[in-house]
Amino acid sequence: MSENGYTASELMAIMTAKEFKDWEVAFVGIGIPLVAGITAKKFHAPNLNIVYESGCIGPQKYRVDFNVGDSSAADGALCLTSEWRVFSDMQAGYYDVGVLGAAQVDKYGNLNTTAIFGDRDYQSPKVRLPGSGGGNDIGSNIGRVVVMLRLEPLRFVEKVDYLTTPGYLDGSPDARKKAGLQGNGPVAVVTNKALFRFDPETHEMYLDTIFPGVDVEEVKSLVGWDLKVAADLKTAPEPTPEELAAVRSADPANLIMGGAAARNSLAGLDEYIAITKKYSGIL
Amino acid sequence: MSENGYTASELMAIMTAKEFKDWEVAFVGIGIPLVAGITAKKFHAPNLNIVYESGCIGPQKYRVDFNVGDSSAADGALCLTSEWRVFSDMQAGYYDVGVLGAAQVDKYGNLNTTAIFGDRDYQSPKVRLPGSGGGNDIGSNIGRVVVMLRLEPLRFVEKVDYLTTPGYLDGSPDARKKAGLQGNGPVAVVTNKALFRFDPETHEMYLDTIFPGVDVEEVKSLVGWDLKVAADLKTAPEPTPEELAAVRSADPANLIMGGAAARNSLAGLDEYIAITKKYSGIL
Amino acid sequence: MTETNCANKQMTLQEAIKKYVKDGCSLTFGGFIGRDCVAAVHEIIRQGIKDLTVIDDSKTDMMDLLVGAGAVNRWEGAYLGYGAIGLAPNIRRSVEKGIPRKIELEDWSNAGISMRFLAGSLNVPFMATRSMLGSDIMKYNRRIKLMNDPYEGEPIALVPAAHPDVAIIHVQRADAMGNAQVFGFTGNDENKARAARHTIITCEEIVPTEEIRHRGNLTLIPFYCVDAVVQVPFGCHPQSCYGYYAYDVLFCGDYHEAAKDRDKFLKWLDRYVLSARDHMDYCEKVGWERLHKLMGMERHFNRIPG
Amino acid sequence: MTETNCANKQMTLQEAIKKYVKDGCSLTFGGFIGRDCVAAVHEIIRQGIKDLTVIDDSKTDMMDLLVGAGAVNRWEGAYLGYGAIGLAPNIRRSVEKGIPRKIELEDWSNAGISMRFLAGSLNVPFMATRSMLGSDIMKYNRRIKLMNDPYEGEPIALVPAAHPDVAIIHVQRADAMGNAQVFGFTGNDENKARAARHTIITCEEIVPTEEIRHRGNLTLIPFYCVDAVVQVPFGCHPQSCYGYYAYDVLFCGDYHEAAKDRDKFLKWLDRYVLSARDHMDYCEKVGWERLHKLMGMERHFNRIPG
């Protein structure tokens, strides 16, 4: 937790929540992206409907999901269907916004979630990551895509080791269209220190909004190319107590945001069940 | 009704019923083919499961269907699903036997249910028929196909005006395989006067079984090519009283077998509902 | 595609048809000779909409009516008959004699046209199928393309995606947002609703969204595919609606007899369609008692689980 | 494909795995990180089956287990991680260091692999998709073919049909004939069951066929796609099974911690899998009280409509 009384993950969730609009249909992965979606529903987007790749459309969230196929993803859903169907509905243009994570991003918003090569290669990389999952599909087909990842060394690179999910490809004006891709590409990259957007002409990522207490030079030092900064660089507002409360009630046992440390601090299954029941509520 | 106390349609249904085997999955159209399927379930094939192209799999028949999408087709079904799915399951080889009707058949078992051209053509034919429906799909994909049509002038022709549903195409040994078709082609043609089968080498239709009281020359005179007759030509047995009772209880108001005349002889909706309820039974 | 999602897409049948079904547009209808959109077809005829292309799998009386009323220019589909009752009189008169006008025909098989709706719903340009190979359907319909598949080299047919301007689908129940639940067979409805540019849901009953959420597995068509929701009880009569009412075979038989003669057909059309103000007036003409007897018969045999 | 349909395809999990899952065969599993076939995976490991190819969409702990146990030779799929908990330790050890053996990887996206199962279920050689275009997935995976569609000329990707030797699918309930009903999301299960040469259904409960007929719309996989039916209550633990029990996040967290270290993983494998006689013994080791608490939690939030 920062000296300001909130964690970087909480701020990321709150900043991402602002990217959703009311009555949109959002394709959101589990983890912090989902916490962002639930947070948006509590404020400006009460009728946001979330779709999970397992085949759950518009659940009424009662509890935290750890996986896209957790029972929770189906709780009170408007429609329970198949994985291939929701990906096809995505391909048919029914989903307005997608949120996804990544391990690496490049200056044209291309994402890598497959492998960090290091000094090795695709079949024997330094770090094998999970792979595309539905990430490539979101990046290939949804009109508006929001990316979430931490601004840390070696994550913002000139060129990704493996291009799992297309952003603007080589950045040339019709690159996506020529490749046969749909959707307009990424609109925002939300990190723990700043929010980035893309130049409508060059498709190059630039610094749009800096988070409270973060220095522009610090951001530039973590980015692997000569980062451009918006002429009207904005500073994000501090999260409000209401926003923080909303984020925390979406993850009451802190297991999404807090990870292994939070798991280990629980007394056991009984405490977990009790917390989950206590904070459950219909959105 | 013949002097023997049964109609030609009833005999056709009973002869067709014998083509089903127990535990098969059968793709059966409405009308007399369905009456045949229900009859088979009452005798040697109690576990026959019938599939309707509307998406009904294995219904427990309570009442007569007039259309493949009648509610009756769904009564107590094992699985209620989509049209595209059952056709795909057919394409994947899950259905053992198909039964279909036709307006014309040729000597290689090709069927026409689209148009009788007369002296005209496809877009302005003498008689426009309903079209393929699921007929082409059955003929293209199911292992064993049984055809039902009346032996009447101009129905058994050297070459069909329009080849809606493939039998053995031009009869050449690999014609079906070369065209990309699955299944082995038609195994029987059941009519009101005789049952025909196909030579395994030449794929030409021949007279296999003649019905009680029918003359071979009469059959030959109604067939538009030089019909071959089996060396061991069989005569069909007279239907048993049990078989006739089964067929009649599958169509208790006689609306399938009896057509407009039977409809007109009903006093009205009340009588129809009363008969349907009275004869309803779970198979 | 749906322009805007919102809490309430309910409107009257007149409004929905007027808003989405235009002269010269292409249409598809849900159901499969059962759960047919009969009330919507009546309203299309009443509004005098013309030059329609219908892209569909198998249809009986509702297409016979539309063609007899002169509303159709073109048919792309698999079956136009009258089920176990016989051939479709108005279809025959149109194709054979051009009365009241000749419809263009493009024949497909049911599996072939089903794959066109599947491709449309997936937003891919085509689907492969093993149907129609070697037949005259392929000979006369040049949009079916023969290819050797690039993986195994086998012959296979390609069919193009269908994207009708409007899909009209009748379901047992829907909420005002447009979530549509179907009981019984589902035909090609899930794909038609997605393949079409606009989708109108007509339904027996509008239910609260809470009721939809209680059985999410039965939602065949989610709200985001739907533009309009219209409550039309008995909207399939004389066809059946699973769990609601049985097929009215005698009414259909009478229609079939009348339709064999052009003048008698026009009288029938006037009596049941043109002179009916709306679908409630049609129900009145058919007789509420008759409709409820058909409901009683259906529910004797099956009830949708509560 | 199913060789013979019959009234009773029930057998034990040991029998079903022994009969259909052979060294060197290809497999796919139902569920989607939820409703996973965990009990079946344990039994495969216990029987020492080797050199498997797994063709699948997204998997977490069950693939980590199989790979850690050295049973897998090749993976064709989209996601091998550990959900919100992190990366999959045994997957990383295998791919990065070849411990205990290196698995071959063929990457797909979830939509791409979904279309492979759809093509397999339809028995067509390929499907078109707009995913994976322009990405390194296509660069490294030469089975994805770029083509210009013959109708509109647009670039489109083709993916080949998947036909795994065996699909194993866990469902909430099935009858002895093999009719399988699923509540909640359905993943790619309907297509996997059809695409595979043999299908094993494991289920929470065997129900009478009458009960299946009562809700035919929920039958995702009909009997004719199914070779074996096995009752395995709590067969997904520690994953969730909608309407039956919740995800055991703490158990998974403990597994994840253990799996980071090869020796600790082997102890875990021995404790919960190898030294368990069968699935009931696994349940005993996990603790019936724990399992029933997870069931209580699930049913607090949702109950399958009665």
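What you see is a predicted model; the values in this text were computed from it and never measured. Throughout, a chain's letter reflects where its sequence line sits, starting with A, and its residues are numbered from 1.
- Contacts between C:Met115 and chain B at a heavy-atom distance below 4.5 Å involve the side chain alone, from C-beta outward.
- At a 4.5 Å heavy-atom cutoff, the contact between C:Lys102 and chain B is made by side-chain atoms alone.
- Taking the ring axis of C:Tyr244 as reference, the NZ or CZ atom of C:Arg299 stays within 45° of it and closer than 6.0 Å to the ring centre.
- Heavy atoms of C:Ala111 lying under 4.5 Å from chain B belong to its backbone as well as its side chain.
- In this structure, a donor-acceptor pair under 3.5 Å is absent between the side chains of B:Ser140 and B:Gln91.
- Annotation: cation-pi geometry not satisfied between C:Arg35 and C:Tyr242 (NZ/CZ under 6.0 angstrom from ring centroid, within 45° of ring axis).
- Proximity to chain B (any heavy atom under 4.5 Å) is restricted, for C:Asn191, to the side chain, taken from C-beta onward.
- With chain C as the partner, the residue from B:Gly131, B:Ser82, B:Gly180 showing the most heavy-atom pairs under 4.5 Å is B:Ser82.
- If you measure heavy-atom distances from C:Cys241 to chain B, the contacts under 4.5 Å come from the backbone alone.
- Checked against the 6.0 Å centroid threshold, C:Phe185 and B:Tyr52 do not count as a close aromatic pair.
- Of the atoms belonging to C:Leu118, it is side-chain heavy atoms, and not backbone ones, that fall under 4.5 Å from chain B.
- With a 4.5 angstrom heavy-atom cutoff, B:Gln123 touches chain C via backbone and side-chain atoms both.
- Residue B:Val127 touches chain C through both its backbone and its side chain, counting heavy-atom pairs closer than 4.5 Å.
- Contact annotation for C:Ile156: neither backbone nor side-chain heavy atoms come within less than 4.5 Å of a heavy atom of chain B.
- Atom CG of B:Leu154 has 12 or fewer heavy atoms from other residues, nucleotides or ligands within 6.0 Å.
- Here B:Thr276 is the residue among B:Ile138, B:Leu169, B:Thr276, B:Ile256 with the most heavy-atom pairs under 4.5 Å with chain C.
- Heavy atoms closer than 4.5 Å to chain B are found nowhere in C:Glu154, neither backbone nor side chain.
- Heavy-atom distances place no part of C:Asp36 under 4.5 Å from chain B, backbone and side chain included.
- In this structure, chain B has a heavy atom under 4.5 Å from the side chain of C:Glu257, while its backbone stays farther away.
- Both the backbone and the side chain of B:Asp137 come within less than 4.5 Å of a heavy atom of chain C.
- The contact between B:Arg120 and chain C is made entirely by side chain atoms (from C-beta outward), counting heavy-atom distances below 4.5 Å.
- Between C:His237 and C:Phe251, the ring centre distance stays below 6.0 Å.
- Using a 4.5 Å cut-off between heavy atoms, C:Phe117 does not touch chain B at all.
- For a residue to count as touching a neighbouring chain, one of its non-hydrogen atoms must lie under 4.5 Å from one of that chain's; by this rule C:Thr129 touches chain B with backbone and side chain alike.
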